[in-house]
Amino acid sequence: MATQNHIIKGALSLAIGITSITPAFAGGLDRGGYNIDQLFDASPFTFSSGVTYVMPQRKLKNARDTDLSDGSGTNGLGAGTTYADDSENYAIPYVGIKGGYDAIDCLVDYSQPFGAHLEPGAGWVGAQSNIETKVRTDNYGLTCSYKFAVGPGQFRVIGGGFYQEIEGSKTRLVAPITGPASALYSGVGRLEMSDEAPGWRAGVAYEIPEYALRASLVYNSRVKYDNLSGTLDLTQVPTAVNPLNPFLGRRFGVVGSAEAPDSLE
């Protein structure tokens, strides 16, 4: 059971790790975050779309395997490079439609607030920790505000909700396979999970359009993924690795839970 528990714990960390994410950087999972700036546009109707393309170029250098017995590199004999190109390029899309009438403004938007794609590959000394990890979120939001005159400017009360979908996967070396068996098995396991859940936001803002001045405070709730589900594929790990482990050589369903972080902007 040790091998099965190891891959489940390691793979689920790609989703469960979200619970300790800070709002500013989201533990490396922050992509575009939440953006409702379009809500404040003075025009009665606006449409906005765009894509930001990011090339992190994060490289791993001088990597060291602290336990050569659990599958260093691709053959468990101390092989594997000590460097790898870790991060993949990614795009951050955004689409928003804002409409306003009298004192009410509403924004409908699509974004990808959180995500990650790390792919150091199978040929480095840390393949037993990660070959590829991907996390993606799709966020569909509706945010409205009501404004009224206060002093020289306008005060807004903001509220809304969003629906967020998440999917993630992790591939890593579970057990090194050597000899003739390596022609049939890679020793690699893969986890895939997904879920969807709602969230909400509330805030206030004060604007003085004459001076192009705006101060706002908006809280975005946590998103609780209580029904994460997917599959764990261990068909590339033969039962001979551990005959006492009934999960090896099989593909079966897994469940879990996680949270996307709240934030105060």
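No experiment lies behind these values; they were computed from the predicted model shown.
Nearest heavy atom pair, residue Trp124 against residue Asn130, reads NE1-O, 3.1 Å. Here the closest heavy-atom approach between residue Pro120 and residue Leu60 is recorded as CB-CD1, 4.3 Å. When all heavy atoms are compared, the tightest approach of Gly187 to Leu173 is O-CD1, 3.6 Å. Closest non-hydrogen pair, Ser263 versus Tyr34, comes out as OG-CD1, 4.0 Å. Gly33 approaches Ser111 most closely through the heavy-atom pair O-OG, 4.4 Å.
With Glu132 as the partner, the side chain to side chain contact (heavy atoms under 4.5 Å, CB included) test is satisfied by one option alone out of His117, Glu88, Lys170, Arg172: His117. Of the candidates Tyr219, Tyr163, Phe162, Trp200 forms a ring-ring contact (aromatic ring centres under 6.0 Å, His included) with just one, namely Tyr219. Here the options are Val204, Ile158, Thr143, Leu39, the test is side chain to side chain contact (heavy atoms under 4.5 Å, CB included), and the partner is Val218; only Ile158 passes.
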Run the side chain to side chain contact (heavy atoms under 4.5 Å, CB included) test on Ile166 and Leu228 for me, step by step, so that the C-alpha distance in whole Å, both residues' side-chain angles and the decisive distance to 0.1 Å come before the verdict.
CA-CA 9 Å; Ile166 188 171; Leu228 273 172; 4.2 Å; yes

From CA spacing to verdict: salt bridge (charged side-chain N to carboxylate O under 4.0 Å, His left out), Arg214, Asp37
CA-CA 11 Å; Arg214 180 175 80 238; Asp37 287 348; 3.7 Å; yes

Apply side chain to side chain contact (heavy atoms under 4.5 Å, CB included) to residues Leu107 and Ile36 and explain how you reach the verdict.
CA-CA 8 Å; Leu107 169 67; Ile36 62 168; 4.2 Å; yes

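Checked by atom type, the side-chain pair Asp233/Thr235 shows a donor-acceptor distance below 3.5 Å. At a cut-off of 3.5 Å, with distance as the only test, a side-chain donor of Asn220 or Arg201 sits close to an acceptor on the other residue. Using modelled atom types, one finds a donor on one side chain and an acceptor on the other under 3.5 Å when comparing Asp41 with Ser43. Under the 3.5 Å distance criterion, with hydrogens and angles disregarded, no donor-acceptor pair is assigned to the side chains of Tyr225 and Glu259.
Applying the ring-ring contact (aromatic ring centres under 6.0 Å, His included) rule to Tyr110 yields the partners Tyr140; only residues at least two apart in sequence or on another chain are considered.
The list of salt bridge (Lys or Arg N to Asp or Glu O under 4.0 Å) pairs with a residue in residues 144-156, not counting sequence neighbours, reads Asp105-Lys147, Asp105-Arg156, Arg156-Glu207.
When atom types are taken as modelled, the side chain of Asp195 and the backbone of Asn227 share a donor-acceptor pair closer than 3.5 angstrom. Judged purely by atom type and a 3.5 angstrom limit, Gln236 uses its side chain to pair as donor or acceptor with the backbone of Ser186. Checking side-chain atoms of Tyr83 against main-chain N and O of Asn62 turns up no donor-acceptor pair under 3.5 Å. Gln38 contributes a side-chain N or O that, together with a main-chain N or O of Gly96, makes up a donor-acceptor pair within less than 3.5 Å.
Summarising the hydrophobic clusters (Ile, Leu, Val, Met, Phe, Trp, Tyr; side-chain heavy atoms under 4.5 Å, direct or chained), the residues clustered with Tyr53 are Met55.
Within a 6.0 Å radius of OH in Tyr211, other residues, nucleotides and ligands contribute 12 heavy atoms or fewer. Around atom CZ of Arg251, no more than 12 heavy atoms belonging to other residues, nucleotides or ligands sit under 6.0 Å away. More than 12 heavy atoms of other residues, nucleotides or ligands lie within 6.0 Å of CZ in Phe148, so this atom counts as buried by the packing criterion.
Expressed to the nearest 0.5 Å, how far OG1 of Thr239 lies from CG of Asn245 amounts to 9.5 Å. Ser194 OG to Glu165 CD: the interatomic distance, rounded to the nearest 0.5 Å, is 9.0 Å.
Taking a cutoff of 4.0 Å between a charged side-chain nitrogen and a carboxylate oxygen, Lys224 and Asp262 do not qualify as a salt bridge.
Using a 4.5 Å heavy-atom threshold, the side chains of Pro93 and Val95 count as separate.
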